[in-house]
Each structure stands twice: as structure tokens, then as C-alpha cells.
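Below: one structure, written as C-alpha cells.
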There are 2 protein chains.
Amino acid sequence: MAVMKIQKTPSIRRMPTYLHKLVEMQMEGVPFVSTTQLADYMNLEPIVVRKDIGITGISGQPGIGYKTDKLIAAIRRFLGWDSVIEACLVGAGSLGSALLGYDGFENYGLKISTAFDRDTAKIGSYIHGREIFDYKQLPELVAQLGLKLGIICVPAPCAQAVADQLTDCGIKAIWNFANVSLKLPEDVVVQREVIAGGLALLSVKLGQQNSLINAEEKNGN
Amino acid sequence: MAVMKIQKTPSIRRMPTYLHKLVEMQMEGVPFVSTTQLADYMNLEPIVVRKDIGITGISGQPGIGYKTDKLIAAIRRFLGWDSVIEACLVGAGSLGSALLGYDGFENYGLKISTAFDRDTAKIGSYIHGREIFDYKQLPELVAQLGLKLGIICVPAPCAQAVADQLTDCGIKAIWNFANVSLKLPEDVVVQREVIAGGLALLSVKLGQQNSLINAEEKNGN
DNA sequence: TAGATTGTTAATCGATTAACAATC
DNA sequence: TAGATTGTTAATCGATTAACAATC
């Protein structure tokens, strides 16, 4: 199978943020939204939002904007979030627990239907109202529920073994929060979250800001 | 002050991952690393790694690679992680707790020196060995410790107020995990983590993969 | 009619990839 | 000498930005 290359990554990454704001506006009863409004909210230029929305295929009304409901629907459809996908989570440590407790996923087409851990102290307990199952039961339950998405929250050294187990069970997509690069079959897609990536960006911004300030001080401003 | 625009965002985001792997190799006693090795690990092309490393300014040895120690130092210097920056964390909920428990930050030039919450049940307790302070004490402690970085882990509706408070106290950089876009003074840098952004990317990949499979089935492959 | 916004086309900019001489 | 790798230059590709007619 050909290696996939996704384009418009920056646009796709912005979609959930539009969605979040739009749902909020929808609840407030706002019937129309313009790219200007969304751009203001996100601190970017309207043309960026216009292009992003363009790829969903929706059309708006010149001079007015987009119907809030339709725009929400268009973004959901584009992302494949119009039908809920069920997932299993492996590793109920602090990060895994945080994800289990996050109630925004319902807006993002995701439902974590089962959670697993190896720790006997956790097995059978409930975290944010969800039972933690024995990791040994994973193949059985994943097959039974026909799950296609797995979320890995185990420590880095265990992550590859868990990933192998998941793909053996028919999982086709992995959301990887472990700090390690996984080797997977070509027909399995993976998204690795590297929290430190954001920190790196922030650090570089801070460094640039500081040198800017120093430069201005030098110029007597 | 001019609005900052950081370039080479994708390269910067990859830096911590290089760093993580390099530190691992260093501990294993590997003296030299080539871009080929790093590329293999990260599932990308060597030229990408070569370009990324290039921006740190380090030079390697043709035919051999880079000295592991020197490369680690170069990446740390580039990111400003050669000196530890102290931060405060606001909001000791499940995500805040997970961050407090993450022990990888020491490698990333970050030390969370204080954590705050408003909840009296949490104040005075210890999470992952760190005392949780009353949010009311924030101005006092931030000033006392001279902190420049704040990490926001409070619910979205409180995030802007916390951000305002932080900037009032002299915080110059904010790492925002709340699901809201913050309005900040121009001299304060911000990095917002949108966890759902990664999920959006994964969903689109999964959709593309599925249509690829369908196409191949149609062609009888 | 005036102001706001969409949607498209073109221009610019930056990131990725390719190619290859120089070096170990 | 053969193989591997760096570092640089050029080519390609895609994303961002600008401009503007069409529409409400």
C-alpha cells in the first residue's frame, strides 16, 4: 500500500477549534457566522479561515457568512466526525485518566468505550465513571466491540508491545501518547502526540521575544 | 511591538523527539549518530533530519555523523533548554496532575516549581510530591520566585481570567491547555495545545486509508 | 446605495525534496 | 578503494497572502 501523505495539515489542525467555537455560538443561538468573526477569535487573518472552510466544500452567503448549523455539519463531515467512532484506551495512568475524564470528545466524534490497565490495583476500579479492565481481556473485548481505534497511554517502554497487540486485534488507527516512535503495519495509521513539541515552540517564541526586547532597548525604545 | 512569526515550525516541533532519542542513545553509550539513524527511528527521510539539524548550527563529520553529546547540546541551546526555566501551573485537575507527574520535563528545560488551585479540597495536598497552593497566593509566589512561564490547566471559562492574572504578575509566556483562545498583551507569548487537533489529523488519515482500501478492492487487488 | 463578506485567481513565500561534490 | 554521510545548491511543491469581482 502506498504511504499516505496528508496535505493541508495546518488547516486540519485548526478545524476542531473552529468547531468548538461554532458549537458555542450555536448554543448561544447565533444563526450566522462570518470568517471575520472566527478569525478574530483565533487571532488569525480572515483569509486563512476562508481557505480552511473552503476545503470542507460548504458555500456561504456573500455579505453575510455561513449558516452556523451548516458550517458545523460541514466540518464534522470533512473530519469524519459525523458518526461516532469507538475507541479503547490502554494505560490508565495520570494521562490516561485525564483523557477518560475529558468530556469534549463527544463533540469530536470519539467515544472511549473501554479502558485497560495491567495494574491489579486499578483493574475493576472506576475512573471518571468508567471501569478499568484487565489488559489480558483486550483481544476479547476489542474483537467483541469491533473497535478500530486504540489510544496508547502506557509508559514508553511498553508502547510498542501494546501497539503490536492492538494491530493483532484488528485496530486500524492508533493515537499514541507514549514518548516513542512506533513501528506499525502499513495499513495502520498513527498519530503521535508530542507534548514537548508545543513546549519547544513556546521556548523559541520566548527566545525571539526576548531578543526583540533587547534589540529595542538597544535602540533606546 | 511587531507581531512575531516563527518559521520552521515543523522542524522545531521535531526537535524534542530527536532530543529524546539522542539522550536515550547517549545513555546507551553511543558516541556518534547519523541522520540516517534518526530518520529511521522517526519514519522520515534523512534529508529532513539533516535540514533540521542544520538550523541548530552544529556541524558533523561526513561519512560518520554527529557526536551524540554535541548534538544534544546544540539542540538544547537552539531551543533555549540549556538553562532550566521555572514555571507555575494553574489548575490541578486531571490534566494538571498529569503534567505535574510527567518526569520528562527535566530533559526539556522545564521545572514546574509551583502549582495552584482554587479548590480547598486540593489546597495543601500533594500531587506527585508537589504541594498545591491556594490560587490567592499566586501573585505573591510568582513575584517571589520571579517566574516567567505559566501553564494553564483550568476549565475553559476560567482560563482568560487566569491568563490576565498571570500577565499582571509579570508572566511573559503562557502554555495554554484550556480549550479557549486567549487575548493577551503583545509582549506575552502563548502556545495553545489543542489535543483535538491531533485527533482531527488521525481521523482524516483514517478516512484516506479507508478510501484507499476501497479503491484497491474495486480494482480487484 | 454603502458596507461586509464570499469565493476565486494570482503572487509570494517557505518548506520539502532532489542532486551531488566534499569528506571521512 | 568502497561505502556512508555531511552540507550546500537548485528544483519542486504546497501553503499563505493579496487582490478583486460577485453577491448579499
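Heavy-atom basis, side chains included; hydrogens, waters and symmetry copies ignored. So you know, we letter chains A, B, ... as the sequences are listed, proteins then strands, and number each from 1. This is a predicted model, so every value here is computed, not measured.
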### Query
Under a 3.5 Å cutoff on both atom distances, Watson-Crick or G-U, what's the dot-bracket for DNA chain D ([ ] crossing, | other strand)?
..||||||||||||||||||||||

Side chains of residues 56-64 of chain B: which donor-acceptor pairs under 3.5 Å do they make with residues two or more places apart or in other chains?
| unit_1 | atom_1 | unit_2 | atom_2 | d |
| --- | --- | --- | --- | --- |
| B/Thr56 | OG1 | B/Ile53 | O | 2.7 |
| B/Thr56 | OG1 | B/Ile58 | N | 3.4 |

### Query
When you list every nucleotide of DNA chain D with an atom under 4.0 Å from a heavy atom of chain A, which one comes first 5' to 3', and which comes last?
D/dG14 to D/dC24

Determine all donor-acceptor pairs shorter than 3.5 Å in which one atom belongs to a side chain in residues 9-17 of chain A; sequence neighbours excluded.
| unit_1 | atom_1 | unit_2 | atom_2 | d |
| --- | --- | --- | --- | --- |
| A/Ser11 | OG | A/Asp52 | OD1 | 2.6 |
| A/Arg14 | NE | A/Asp52 | OD2 | 2.6 |
| A/Arg14 | NH2 | A/Asp52 | OD1 | 3.3 |
| A/Arg14 | NH2 | A/Asp52 | OD2 | 3.4 |

### Query
Looking at residues 33-50 of chain A, who's got a heavy atom less than 4.0 Å off DNA chain D?
A/Ile47, A/Val48, A/Arg50

### Message
Just to verify, what does A/Gln26 make a side-chain contact (heavy atoms from CB on, under 4.5 Å) with, not counting sequence neighbours?
### Response
A/Thr68, A/Asp69, A/Ile72

### Query
Where along residues 14-27 of chain A does a heavy atom come under 4.0 Å from DNA chain D, residue by residue in number order?
A/Arg14

## Note on the structure
Sorted by chain and number, sequence neighbours left out, ring pair (Phe, Tyr, Trp, His ring centres under 6.0 Å) with A/Phe105 holds for A/Tyr102, A/Trp175

#### Entry: Pairing residues for B/Tyr108 by the ring pair (Phe, Tyr, Trp, His ring centres under 6.0 Å) criterion, not counting sequence neighbours
B/Trp81

### Message
By the ring pair (Phe, Tyr, Trp, His ring centres under 6.0 Å) test, which pairs, at least two apart or in different chains, include something from residues 188-207 of chain A?
### Response
none

### Message
Could you work out, with side chain to side chain donor-acceptor pair (under 3.5 Å) as the rule, every residue matching A/Asp82, not counting sequence neighbours?
### Response
none

### Query
Tell me the ring pair (Phe, Tyr, Trp, His ring centres under 6.0 Å) pairs involving residues 15-53 of chain A, sequence neighbours left out?
none

